[in-house]
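Order of the sequence lines sets the chain letters (A, B, ...), proteins ahead of strands, with each chain counted from 1. Just the heavy atoms: all of them, side chains too, but no hydrogens, waters or symmetry mates, feed the values below.
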Protein chains: 6
Amino acid sequence: MPTEQVLPLELIDKCVGSKIWVLMNGEFVGKLLGFDDYVNMVLEDVTEIEPGVGKQHLPKLLLNGNNICMMIPGGEGEDVWEE
Amino acid sequence: MPTEQVLPLELIDKCVGSKIWVLMNGEFVGKLLGFDDYVNMVLEDVTEIEPGVGKQHLPKLLLNGNNICMMIPGGEGEDVWEE
Amino acid sequence: MPTEQVLPLELIDKCVGSKIWVLMNGEFVGKLLGFDDYVNMVLEDVTEIEPGVGKQHLPKLLLNGNNICMMIPGGEGEDVWEE
Amino acid sequence: MPTEQVLPLELIDKCVGSKIWVLMNGEFVGKLLGFDDYVNMVLEDVTEIEPGVGKQHLPKLLLNGNNICMMIPGGEGEDVWEE
Amino acid sequence: MPTEQVLPLELIDKCVGSKIWVLMNGEFVGKLLGFDDYVNMVLEDVTEIEPGVGKQHLPKLLLNGNNICMMIPGGEGEDVWEE
Amino acid sequence: MPTEQVLPLELIDKCVGSKIWVLMNGEFVGKLLGFDDYVNMVLEDVTEIEPGVGKQHLPKLLLNGNNICMMIPGGEGEDVWEE
């Protein structure tokens, strides 16, 4: 059965209005309000996670697509490493 | 109720004339005077914050969008980490 | 015999529906669902490998082409260094 | 009173012929001779400042916009940190 | 005698079908199969060289032009430093 | 007297056929054979300088504009720091 293709901007578009987990040189979990072709993103009700430092809440912010490494739909922001 | 979408450049546009907090490899709080499609930004009356070093005031400057990680509307430039 | 040329996006296109190994500042092995001209990629059933930390499974994610260093078709995600 | 908007390339354009302070992974103070849409810049009579190493004079150079973090009109290249 | 100009993509084009040495945050020596305007490259029969770690063979891979620093036609992948 | 403007690509164009000093995460001095709008450059008869390691000669190479920080026309590749 051929794989159902999912384009990058389609995946992001499906996440608008939902929670996502974005990894850059910091980590952010929040509701996606909008994005553009450069993968710049606007998030609301955001938890910023700085591994080893803590968490902080930010009402609304813009993340620069240039520096985003990875986006996980509906992520909880918790790494679950297995050795 | 469907989420009211906010596009990245819309969010920045709403901030023109107001204070914003920009995080790159340094941090800057100042009044946004203008921006372009590459998220390059002109700020005025700027406090540069170098964590662990101090703060300094800069009258006006250009920040290169390429190296901007995050922009927070109306931010005070104070991290409030919870363990 | 002249070399049979393979363009970058052709190589990626051939991998859609198959497993690939992507190296950024982390490593990912998963099934490629789609990509775009900026080499942004959507992977499914993904194993994230953090050398020295461990592995974790992620159902679906977007990788930002900007930060991808290398993609290996059908890779197993195991380095086989020879001294 | 509405804020008088200043676009990034406008700010740079106003600096042509004047001294500017450019911060990348090094710092440069010199007279701006020209620039382009990618914020690439040509400077003349340039002092390169390597914090902790020293200063050196360079007659003319090109700075790659890609790696420029910040430009300050008329800067002296002296940080004035307040604790 | 005026210098015979060689444009970047011309130089790469001349290398298709031949061995090249590509330096990013790792080093790769292999046969160039194809490239595009973003200097993304497809290599075959590739030796990856991790200075201080070792070498490994990879059948075919894509290198992201964004993160390529340097390409040397016909290189052997051996640094020959003189003090 | 108004400043005689010099655009970035004009400056590079004037250097074709001459020696230039290019600084990235390494340093290179060589004859410029060609360049493009992305500031990718082809150099010939190149000395690569790795501060603290040494120098090595490379016949011809491509430097990726993305990772170039600075270009100095006619540079000798010798830093002359004053405390």
List the atom of K60(C), the atom of P73(A), and the distance in Å for their closest heavy-atom pair. O-CD, 3.2 Å
Closest non-hydrogen atom pair between N67(A) and N67(C), with its separation: C-ND2, 4.1 Å
Measuring only between side-chain heavy atoms, which start at C-beta, is M24(C) closer than 4.5 Å to M70(A)? no
First locate atom CD1 of I72(A), then atom CG of L63(C), and finally report the distance between them rounded to the nearest 0.5 Å. 9.0 Å
Where does I20(A) contact chain C at under 4.5 Å (heavy atoms): side chain, backbone, both or neither? neither
Checking heavy atoms, do the side chain of L58(C), its backbone, both or neither come under 4.5 Å from chain A? side chain
Give me the atom names and distance for the closest heavy-atom approach of L33(C) to E4(A). CD2-O, 4.2 Å
Is there a side-chain contact between P8(A) and V42(C) in this structure, where contact means two heavy atoms from C-beta onward sitting under 4.5 Å apart? yes
Look only at the side chain of N66(C) and the backbone of G65(A), and say whether a donor-acceptor pair between them is shorter than 3.5 Å. no
Looking only at heavy atoms and a cut-off of under 4.5 Å, which of H57(C), E50(C), E48(C) has the most pairs with chain A? E48(C)
Where L7(A) and F35(C) come nearest, the two heavy atoms and their spacing: CD2-O, 3.4 Å
Between the CG atom in L62(C) and the CG atom in L9(A), the distance rounded to the nearest 0.5 Å is 8.0 Å
Where on V6(A) is there a heavy atom nearer than 4.5 Å to chain C: the side chain, the backbone, both, or neither? both
